[in-house]
Amino acid sequence: MHNADDYKRAADLILSRTRHRPKIGLVLGSGLGVLADEITDADAIAYEDIPGWPLSTVHGHAGRLVIGTLEGKTVLAQQGRAHYYEGYTPQQVTFPIRVMSVLGVQTVILTNAAGGVNVNYKTGDVMMLIDHLNLIGLTGINPLIGPNLDSFGPRFIGMAHPYDRVLRDAAQRAAAAAGIALHVGVYAGVSGPMFESPAEVRMLRALGADAVGMSTVQETVVARHCGMKVLAFSGITNVAIDQNDFDGEANHEEVLEAGKELVPRLRAIVRGVLNSLA
Ligand code: HPA
């Protein structure tokens with residue numbers, strides 16, 4: 001278990017390496033790390049250099065923080081994240097979110113690669129999360145389990161407003177202005193690392209999921225516990241297979257490949273949202 005000093009130590013290292021004081025955090029998922037390339041005046045910090053920071057072992061995750069300016073706002077971007085399936089505890093997976101909170105970050109934009117569960121979704125589409133099914137967390141794999149750290153937030157929190165409405169409205173406007181069709185849907189957070197079986201995909205659809213992925217929900221829970229505003233997007237990197245005799249299999253390579261196609265769309269939406277912030 002991490003304690004308040006662990007988060008502070010990591011924040012102090014970051015503060016010693018940059019003069020920027022970010023108020024906005026960006027978490028860039030599989031194949032989406034290049035979204036940080038347009039950050040100007042940037043200071044980069046390797047995850048290895050930050051005490052307690054979970055290293056990403058997954059191909060497609062660079063493993064560094066990029067801190068600088070994007071659309072006139074000071075942002076801290078995480079190029080790659082750690083996942084529960086890598087063997088990290090939920091507390092380790094969400095360590096970066098609490099460090100951001102200690103740094104004064106008040107808004108976090110999470111991105112992920114996800115499988116399309118909604119039958120209308122195609123590879124390359126972008127979905128904004130309006131809500132999630134925290135399948136991994138509801139029954140016990142939850143970063144808030146354990147002694148509550150009161151300096152971050154209270155023991156019990158509501159989750160009626162996981163994704164901020166004002167930010168979602170800004171994203172809708174940014175997408176419309178850029179001519180990008182933006183789905184709005186429910187993300188099912190699972191542990192992975194296997195992709196879902198066809199029966200599981202049909203189950204997720206019956207439960208109300210539009211997309212499925214192996215990240216994000218734990219970060220949202222911890223960010224909301226800290227009182228941060230959260231906005232999140234899924235890049236649909238594959239259509240989840242829902243039929244048993246379909247020839248084919250979801251795989252990480254197609255996830256990374258589709259990520260490239262998604263980058264310009266997500267970039268336009270994220271830039272538009274940043275631009276709209278006061
Ligand atoms: N399932 C779970 N996670 C994913 C998928 C998927 O189909 N695609 C990208 N991440």
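Hydrogens, waters and symmetry mates are skipped; everything else that's a heavy atom, side chains included, is used. Every number for a ligand or one of its atoms is a count from 1 in the order of the listing.
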Student: Just by distance, with hydrogens left out, do T220 and Y163 show a side-chain donor and acceptor under 3.5 Å apart?
Tutor: yes
Student: Put together the list of close N/O pairs, under 3.5 Å, between ligand 1 and the protein, could you?
Tutor:
{"from": "ligand 1", "atom 1": "1 (N)", "to": "E196", "atom 2": "OE1", "distance (Å)": "2.7"}
{"from": "ligand 1", "atom 1": "1 (N)", "to": "E196", "atom 2": "OE2", "distance (Å)": "3.3"}
{"from": "ligand 1", "atom 1": "7 (O)", "to": "N238", "atom 2": "ND2", "distance (Å)": "2.9"}
{"from": "ligand 1", "atom 1": "8 (N)", "to": "G115", "atom 2": "N", "distance (Å)": "3.3"}
{"from": "ligand 1", "atom 1": "8 (N)", "to": "N238", "atom 2": "OD1", "distance (Å)": "2.7"}
{"from": "ligand 1", "atom 1": "10 (N)", "to": "A113", "atom 2": "O", "distance (Å)": "3.3"}

Student: Does a salt bridge link R9 with D12, judged by any charged N lying under 4.0 Å from a carboxylate O?
Tutor: no
Student: Establish, yes or no, whether a centroid distance under 6.0 Å links the rings of Y7 and F152.
Tutor: yes
Student: Roughly how far, to the nearest 0.5 Å, is the CD1 atom of I269 from the CG atom of L182?
Tutor: 5.0 Å
Student: Using a strict threshold of under 4.0 Å (side-chain N to carboxylate O), is an ion pair present between D125 and R265?
Tutor: no
Student: Do the two ring centres, one from F95 and one from H2, sit under 6.0 Å apart?
Tutor: yes
